[in-house]
Amino acid sequence: MRIDKEALIGLQKQLVHCYRVNYYPPRSKPDQVLGASPHSDNSTITILMQDNDVCGLHIKHSNEWVPVNPIPNSLVVIVSDVVEIWSNGKYKSIEHRAVANYNKARISYATFLIPHNEVEIELLDHMINPKTKQQIYKKVKYGEYLRSSMKRKMEGKAHINMAKVGTLA
Ligand SMILES: O=C(O)CCC(=O)C(=O)O
Ligand SMILES: [Fe+2]
């Protein structure tokens with residue numbers, strides 16, 4: 001995003017990490033249950049650790065669900081909504097879901113890096129395309145963005161619309 005590390009940390013005002021452990025019990029009919037519904041994360045970035053040998057995470061790519069199979073001793077870094085807003089849609093938050101497995105339990109550990117509640121997130125001026133000058137996102141207070149997205153049920157990326165120009169918050 002053509003921004004140095006210190007400035008990036010400054011934009012968050014405070015480095016807050018939220019942590020979630022997801023447990024997907026074994027299923028006899030995995031295609032009839034959904035582990036985690038399609039969503040993008042409302043954080044800045046998410047760092048995910050998955051079991052070394054149990055698959056379950058899928059990302060949406062070109063309108064298809066693509067499995068992200070675990071690579072031993074590796075972490076998955078997920079670009080999330082705040083980066084999409086800062087970059088005016090250039091770096092998109094990735095839509096993902098988790099599916100259950102036949103007779104096999106899975107655990108994933110997610111760390112969400114989020115800005116301080118009072119921080120106003122808005123697109124960075126230098127991320128505006130000089131040709132189109134189009135501004136996709138408006139200024140939103142992170143705490144309000146977080147609360148508004150948590151009030152909704154997870155429906156892909158529908159919640160990021162509240163930060164779009166022309167949408168009444
Ligand atoms: O279990 C997974 O692989 C995904 C979990 C997830 O998307 C989340 O906790 O936000
Ligand atoms: Fe997620």
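Atoms within a ligand are numbered from 1 in the order they appear, just like the ligands themselves. All heavy atoms count here, side chains included; hydrogens, waters and symmetry mates do not.
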Has Y102 got more than 12 heavy atoms of other residues, nucleotides or ligands less than 6.0 Å from its OH?
-> no
Is any NZ, NE, NH1 or NH2 atom of the basic residue among E84 and K90 found under 4.0 Å from an Asp or Glu carboxylate oxygen of the other?
-> no
Exercise: do R97 and H58 side chains pair donor with acceptor under 3.5 Å | yes
Which part of S108 is near ligand 1, with near meaning a heavy atom under 4.0 Å away: side chain, backbone, both or neither?
-> side chain
Quick one: which ligand 1 atoms are inside 4.0 Å of a heavy atom on L48?
-> 3 (O)
Among all protein heavy atoms, pick out the one at the shortest distance from atom 10 (O) of ligand 1; state its residue, atom name and that distance to 0.1 Å.
-> R20 NH2, 2.8 Å
Relative to ligand 1, is T46 under 4.0 angstrom through side chain, backbone, both or neither, heavy atoms considered?
-> neither
Are H39 and H96 linked by a side-chain donor-acceptor pair shorter than 3.5 Å?
-> yes
Name of whichever N/O/S atom of H96 is nearest to the Fe ion (ligand 2) = NE2
Please confirm whether H96 comes under 4.0 Å of ligand 1, counting heavy atoms of the residue only.
-> yes
Answer yes or no: does atom NE2 of H61 have more than 12 heavy-atom neighbours from other residues, nucleotides or ligands under 6.0 Å?
-> no
Just going by heavy-atom distances, which of Y24, Y109, Y23 is nearest to atom 4 (C) of ligand 1?
-> Y24
For the atoms NE2 of H39 and OD1 of D41, give the angle they form at the Fe ion (ligand 2), rounded to 10 degrees.
-> 90°
Any side-chain donor near an acceptor of the partner, N22 and Y109, under 3.5 Å = no
N129 (side chain) donor-acceptor with K131 (main chain) under 3.5 angstrom = yes
Numbered atoms and elements of ligand 1 in range of R106, under 4.0 angstrom, heavy atoms | 1 (O), 2 (C), 3 (O)
Closest non-hydrogen protein atom to atom 5 (C) of ligand 1, residue and atom name please, with distance?
-> N22 ND2, 3.4 Å
Does ligand 1 have an atom under 4.0 Å from some heavy atom of H39?
-> yes
Ion pair present between K141 and E118, side-chain N to carboxylate O less than 4.0 angstrom?
-> yes
